[in-house]
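Written out below as structure tokens is the structure these notes cover.
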Amino acid sequence: MDNNNTSKMGIGGLLKRLLPFVTPYRWLLAATLVLTFLGSLMAQVNAVVLDRAVDRINALLHLDGGFQWAEAARILVIISVVLLGKEVVAALVTFGQRIFGEKIRINVSRDLSLRVVDRILTFRMAFFSSDGNEPGKLQTRIDRGIMSLSNTVKNFFIDILPLFTSAVLALVLMYAANVYVGLVATAIIPVYFWITSVQGRRMKGWRHRVFGTHQKLNAGILNIIESMGVIKSFNREQAEAAKQAALQDQSTEQQMQTRRISFLYEGLKTFVEQIGTVLIIILTAYLVLIDYPGMSIGKIMYHVMLFSNVSAPIRQLHRIYDDLNDALVYAEGFFGLLDADEEVEESGKWKGESGKAKLKGRFELKNVEFTYPNGTHAIRDLTMTIEPGRTTALVGLSGAGKSTIVNLLDKFYSPDSGTISLDGVPLEDWDTETLRENIGLVLQKNHIFSGTVEENIRYGRPDATTDEVMEAASKACLYDQVSALPEGFQTNALQLSGGQQQRIAIARMFLKDPPVIFLDEPTASLDAIATEQIKNSIDAIKQGRTVIVISHNIGQIIDSDALYVLDTGHCVQQGTPQEVYRQGGLYKDIFDASARSMNADKIAELII
């Protein structure tokens with residue numbers, strides 16, 4: 001996947017990419033900006049009040065008539081009312097600004113999530129089998145991307161914007177009071193920003209390393225959870241724990257190195273900030289001592305407090321800058337998904353003669369070559385014809401390319417060369433949605449969604465009635481077993497056994513009732529009685545349909561109309577099962593080995 005555009009993204013580019021997700025909430029944005037400006041005005045009140053109060057109190061202390069308690073009390077009451085009133089208004093403004101800003105963040109987070117899900121649903125299967133797109137890594141890329149980008153929105157509208165608006169207003173007031181003090185405050189800012197930018201450049205590489213290791217950790221934990229049965233059966237708990245410990249050690253060292261660099265630069269920035277404060281105090285005190293026009297004792301506190309408002313964003317800048325750099329790292333992967341146009345699954349426009357396909361199911365493959373993204377050359381110069389209305393079996397040793405053919409015919413992948421046609425129309429010209437609406441697919445390992453048994457079966461045809469769902473369950477030999485459960489068809493499907501889950505997949509196919517059926521080891525997880533029952537049901541539904549069956553069970557293929565034998569992606573034999581067996585070769589070897597593995601001679605003696 002080409003991420004050249006995103007890998008060069010800076011903070012400006014990041015905010016530009018986020019803008020389309022923020023603009024739908026322009027009224028919330030406008031309200032946030034208004035409240036932000038009001039909050040920034042409130043932040044300057046303390047400095048102004050303190051300036052006036054110090055000067056008035058100083059004047060009160062030097063009155064010729066002596067100290068006047070009544071005037072002092074009046075000053076204190078005014079100060080109290082103004083400051084307390086300001087705090088009430090500021091609290092309301094801050095509450096509204098944060099609520100609106102948080103609402104923007106939550107809405108943007110939702111929109112980012114929906115956009116990336118909609119996007120990856122359009123990707124071709126090759127994307128998900130490519131290196132780096134394993135489920136754990138892909139989930140981390142999406143989760144971290146959404147989290148960091150939504151935090152960027154929060155940082156900007158809830159943290160950065162109020163702080164910098166307040167800083168600008170404070171700086172304007174400092175210049176209005178005294179240009180020299182304003183220049184000193186301004187001179188400190190670029191130094192601080194320069195240190196922060198150097199810090200960001202040094203830390204970017206380490207952040208990439210931390211992110212990569214975190215992906216490996218997540219993928220490793222997911223792999224442990226999914227493989228728990230195998231791990232325990234081989235007593236490999238300590239070995240797996242050691243792998244995770246090594247990754248955790250690597251992650252710890254990378255995080256510590258990142259923190260060491262961060263703390264070093266943060267200390268340097270704090271030192272620069274304190275230098276600015278000292279310079280402001282010294283300069284203002286000097287101007288007061290030389291009786292510079294407009295300067296008074298109150299201006300010392302006035303400038304110190306205003307500089308505090310100027311330096312407040314500086315104190316927060318390292319954290320915000322760190323978050324933005326994190327967002328840049330994760331945004332590269334996240335927006336890389338949104339920008340991966342080359343991964344979008346292509347679709348033709350052909351939907352049949354009348355615009356509504358009625359598939360006959362005649363597939364023709366001519367000189368087809370195919371290599372998986374990982375480099376496995378699965379199909380080699382393959383030519384075959386799948387006749388409509390007939391059952392065709394694909395036979396071969398593991399890795400011969402049988403399942404790959406099904407993947408190609410269902411347009412999960414596209415051939416590297418050669419042609420595939422369906423009913424005389426090139427497969428790439430077929431509308432992908434129309435094609436798959438007319439194909440029923442039962443795999444050796446079928447996915448069961450989190451939900452009830454009924455919901456999982458209805459996945460085959462969402463508009464099916466309850467009676468139709470129950471009928472499909474009966475055909476799949478599942479109805480009686482599920483009905484006997486306490487919650488019946490409302491039972492969580494993930495709680496069923498592997499064989500029962502396989503029957504759910506078969507029930508989906510019965511419910512869909514397509515003209516073309518692909519069966520890839522459909523009864524691999526079933527007991528012998530269930531296998532026989534489902535075979536009878538499948539035999540009944542085969543009539544008048546195009547069926548491709550892949551199975552190592554000779555009982556599933558011996559009654560097929562045609563048979564192709566594959567070896568390392570080549571078709572080495574073809575004909576009816578009887579004809580191919582008489583030819584000898586690989587099929588006879590597989591057939592005889594299957595018979596021996598079942599002790600067919602002893603079974604025959606027992607039956608006879």
Side-chain angles (χ1 to χ4, degrees), residues 3-43 90 92-122 139-169 193 196-197 200 204 207 211 312-313 316-341 344:
N3 287 341
N4 289 338
N5 293 332
T6 52
S7 62
K8 298 177 181 179
M9 184 186 299
I11 292 176
L14 172 63
L15 296 177
K16 184 178 179 181
R17 291 301 303 265
L18 277 173
L19 187 60
F21 294 93
V22 176
T23 49
Y25 310 103
R26 56 179 64 87
W27 294 111
L28 276 174
L29 178 59
T32 303
L33 293 176
V34 170
L35 291 174
T36 296
F37 181 73
L38 291 176
S40 299
L41 289 176
M42 294 296 102
L92 293 174
V93 168
T94 301
F95 176 78
Q97 186 262 338
R98 288 183 176 275
I99 283 292
F100 290 154
E102 189 67 11
K103 190 170 184 180
I104 293 173
R105 184 195 69 80
I106 292 171
N107 285 332
V108 168
S109 178
R110 178 199 63 191
D111 294 346
L112 287 167
S113 179
L114 291 174
R115 178 72 65 84
V116 75
V117 170
D118 288 344
R119 186 64 168 172
I120 63 174
L121 285 172
T122 67
Q139 181 182 359
T140 300
R141 189 189 311 175
I142 293 172
D143 289 347
R144 286 301 184 101
I146 293 171
M147 181 181 68
S148 61
L149 291 171
S150 60
N151 282 340
T152 299
V153 174
K154 170 185 174 294
N155 282 332
F156 188 76
F157 290 106
I158 298 179
D159 296 335
I160 298 178
L161 196 59
L163 286 171
F164 276 85
T165 304
S166 176
V168 170
L169 284 174
F193 272 89
T196 302
S197 66
K204 188 173 182 180
R207 293 183 188 281
F211 177 57
Q316 296 292 325
L317 191 61
H318 65 273
R319 178 186 62 79
I320 295 170
Y321 197 83
D322 286 351
D323 289 344
L324 286 174
N325 275 289
D326 279 342
L328 285 176
V329 173
Y330 299 128
E332 292 172 8
F334 183 84
F335 285 117
L337 294 174
L338 298 187
D339 295 340
D341 293 334
V344 174

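Side-chain contact check for Val108 versus Leu149: every heavy-atom pair is 4.5 Å or farther apart. No side-chain heavy atom of Leu29 sits less than 4.5 Å from a side-chain heavy atom of Thr23. Contact of the Ile99 side chain with the Phe95 side chain is registered, since non-hydrogen atoms from C-beta on lie closer than 4.5 Å. At a threshold of 4.5 Å between non-hydrogen side-chain atoms, the residues Asp339 and Arg17 count as touching. In this structure the side chain of Val344 reaches within 4.5 angstrom of the side chain of Arg119, judged on heavy atoms.
Closest of all the heavy-atom pairs between Leu15 and Thr152 is CD2-CG2, 4.1 Å. Closest non-hydrogen pair, Leu14 versus Ala331, comes out as CD1-CB, 3.7 Å. The two residues Val153 and Arg105 have their closest heavy-atom pair at CG1-CA, 3.9 Å. The shortest non-hydrogen separation linking Leu338 to Asp341 is O-OD1, 4.4 Å. The two residues Leu169 and Ser40 make their nearest non-hydrogen contact at CD1-CB, 3.4 Å. Nearest approach of Met42 to Ala90, heavy atoms of both residues: CB-CB, 4.1 Å.
Looking at Ser113, its side chain never comes within 3.5 Å of a backbone N or O of Arg110 through a donor-acceptor pair.
Between atom CG of residue Leu337 and atom CD of residue Glu332 there is a gap of 12.5 Å, rounded to the nearest 0.5 Å. How far CG of Asp143 is from OG of Ser148: 10.5 Å, rounded to the nearest 0.5 Å. To the nearest 0.5 Å, atoms CZ (Arg98) and OG1 (Thr36) are separated by 10.0 Å. Here the CG atom belonging to Asn107 is positioned 11.0 Å from the CG atom belonging to Leu112, to the nearest 0.5 angstrom. Atom CD1 of Ile142 is separated from atom CD1 of Ile120 by 4.0 Å, given to the nearest 0.5 angstrom.
Counting heavy atoms of neighbouring residues, nucleotides and ligands inside a 6.0 Å radius, atom CZ of Arg115 does not exceed 12 of them.
Annotation: side-chain hydrogen bond (donor to acceptor under 3.5 Å, both in side chains) contacts of Arg144 (sequence neighbours excluded): His214, Tyr330. Take Asp111 and apply the side-chain hydrogen bond (donor to acceptor under 3.5 Å, both in side chains) test, not counting sequence neighbours, and it matches Tyr25.
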Could you please spell out the steps behind the side-chain contact (heavy atoms from CB on, under 4.5 Å) verdict for Leu121 and Val117?
CA-CA 6 Å; Leu121 285 172; Val117 170; 4.0 Å; yes
Before giving the answer on side-chain contact (heavy atoms from CB on, under 4.5 Å), spell out for Ile104 and Phe100 the whole-Å C-alpha distance, their side-chain angles and the decisive distance to 0.1 Å.
CA-CA 6 Å; Ile104 293 173; Phe100 290 154; 5.5 Å; no
